[in-house]
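The block underneath contains the structure these notes are about, expressed in structure tokens.
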2 protein chains.
Amino acid sequence: MVENSELRKVGLKVTLPRVKILQMLDTTDRRHMSAEDVYKALMEAGEDVGLATVYRVLTQFEAAGLVVRHNFDGGHAVFELADGGHHDHMVCVDSGEVIEFFDSEIEKLQKEIVKRHGYELVDHNLVLYVRKKA
Amino acid sequence: MVENSELRKVGLKVTLPRVKILQMLDTTDRRHMSAEDVYKALMEAGEDVGLATVYRVLTQFEAAGLVVRHNFDGGHAVFELADGGHHDHMVCVDSGEVIEFFDSEIEKLQKEIVKRHGYELVDHNLVLYVRKKA
DNA sequence: ATGAATGCAAAAACTTTGCATGACG
DNA sequence: CGTCATGCAAAGTTTTTGCATTCAT
């Protein structure tokens, strides 16, 4: 199993809940799931994992760099597998659909702005709220 | 009083709590306050306003465009007076300091990216997490 | 006067934590 | 086997809501 080595690689003991949660994030058709989403999906799949464990494991995964946590608009956080490289998000205000994008020009400008202010960029969060053109 | 006409202008009845909260946001030295911050500041100023009212009023102010709500990193939301034009934020991960900035190039690029995907930009949220250069 | 706004307390939504039990290496 | 992870339930945070009372127009 590929996932198990992923877990060991980041220094996490390979336990059933951790494997199941990682698989769920990997195999779901939704890119972004809340802790509750993961929990419900596992329950429906007949996997018996506690919600508290889901929260704990997702937090560990985030610390390990396996997943990325997003706080799109308050309320609940969503998590996505840290598959490829970095990207930002567009959220459709009508459908809730999430589109990922990456723009190197914007990335570059961010670094420049920060440097101009005497800082260095640690991380950033860019969400574009959009609507389908009429 | 300037604030009272502000309230009437947006269709909100001029009540003591609303005036006090608006004044607090206007006169504080902090640009960004949470609902709790506003509540505590009012209490210390001897103003007797309920926390629930602070939440309700801030939400109304946001809907009216008088304030802008930010969800910097989960946890609690912060509000700032919608004084001038739009701007984005840098948050220092060490000190918590918030710096405002505006970059027309980034703004332009956002619109272009969205258009390229067949959408129109409704709003956006950009926060740069930074650290003072060593 | 009358409808909206407030305050309080209770509830809701999301997340974290304490502790006894169970599982991994 | 020892230690770390889990599950449950309880507690913590932040925000919202129901309802009786008060206030603005």
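Every heavy atom of this structure was used, including side-chain atoms; hydrogens, water molecules and symmetry mates were not.
- Within the model, atoms CG of B:N71 and CG of B:N125 stand 7.5 Å from one another, a figure rounded to the nearest 0.5 Å.
- Atom NE2 in B:H76 sits roughly 8 Å away from atom P in D:dT15 (whole-Å rounding).
- Residues from residues 39-47 of chain A placing a heavy atom under 4.0 Å of any atom in DNA chain C do not occur.
- Under a hydrophobic clustering in which Ile, Leu, Val, Met, Phe, Trp and Tyr are joined whenever their side-chain heavy atoms come within less than 4.5 Å, directly or via other members, B:L16 and B:L12 fall into different clusters.
- From A:Q110, atom CD reaches atom CG of B:L126 across 5.5 Å, with rounding to the nearest 0.5 Å.
- Annotation: the terminal axes of the helix from C:dA1-D:dT25 to C:dG25-D:dC1 meet at 30°, where each axis is the rotation carrying the C1' atoms of four end pairs onto the next four (5 pairs per end, rounded to 10°).
- Closest-nucleotide positions on DNA chain D for B:R69 and A:L16 were compared, and the one nearer the 5' end corresponds to A:L16.
- Distance CZ (B:F79) to P (D:dT14): 13 Å, rounded to an integer number of Å.
- Here D:dT14 presents its C1' atom at 15 Å from CZ of B:R56, a figure rounded to the nearest Å.
- Note: CD (A:Q60) to C1' (D:dC4) measures 10 Å, nearest angstrom.
- Both A:T15 and B:T15 sit near DNA chain C, but only B:T15 has its closest nucleotide nearer the 5' end.
- At least one side-chain heavy atom of B:L42 sits under 4.5 Å from a side-chain heavy atom of B:V38.
- A salt bridge links A:R31 with A:D83: the closest approach of a Lys/Arg side-chain nitrogen to an acidic carboxylate oxygen falls below 4.0 angstrom.
- Dashed line: the shortest gap from a side-chain N or O of B:Y55 to OP1 or OP2 of D:dT15 is under 4.0 Å.
- Protein chain A contacts DNA chain C from C:dC14 to C:dG25, reading 5' to 3' and using non-hydrogen atoms of the protein with a distance under 4.0 Å.
- Sorted by first and then second residue, the salt bridge (charged side-chain N to carboxylate O under 4.0 Å, His left out) pairs with a member in residues 112-122 of chain B form an empty list; sequence neighbours excluded.
- Following rounding to the nearest Å, A:N71 (CG) and D:dT13 (C1') show an atom-to-atom distance of 14 Å.
- Judged by closest nucleotide on DNA chain D, B:A52 is the one of B:A52 and B:K13 placed further toward the 5' end.
- Aromatic ring centroids of A:H70 and A:H76 lie 6.0 Å or more apart.
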Could you list the donor-acceptor pairs under 3.5 angstrom formed between side-chain atoms of residues 89-99 of chain B and any protein atom two or more places apart in sequence or on another chain?
residue: B:H89; atom: NE2; partner: B:H32; partner atom: NE2; Å: 3.0
residue: B:H89; atom: NE2; partner: B:E80; partner atom: OE2; Å: 3.0
residue: B:H89; atom: NE2; partner: B:H87; partner atom: NE2; Å: 3.4
residue: B:D94; atom: OD2; partner: B:R131; partner atom: NE; Å: 3.4
residue: B:S95; atom: OG; partner: B:E97; partner atom: N; Å: 3.1
residue: B:E97; atom: OE1; partner: A:Y119; partner atom: OH; Å: 3.1

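- Summarising the geometry, atom NE2 belonging to A:H124 is positioned 11.5 Å from atom CD1 belonging to A:I113; distances are rounded to the nearest 0.5 Å.
- Counting only distance, with no hydrogens or angles, the side chain of A:D37 and the backbone of A:S34 share a donor-acceptor pair below 3.5 Å.
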Can I get a per-line list of side-chain donor-acceptor pairs under 3.5 Å for residues 51-61 of chain B, giving both atom names and the distance, sequence neighbours left out?
residue: B:T59; atom: OG1; partner: B:Y55; partner atom: O; Å: 2.8
residue: B:T59; atom: OG1; partner: B:R69; partner atom: NH2; Å: 3.3
residue: B:Q60; atom: OE1; partner: B:R18; partner atom: NH1; Å: 2.8

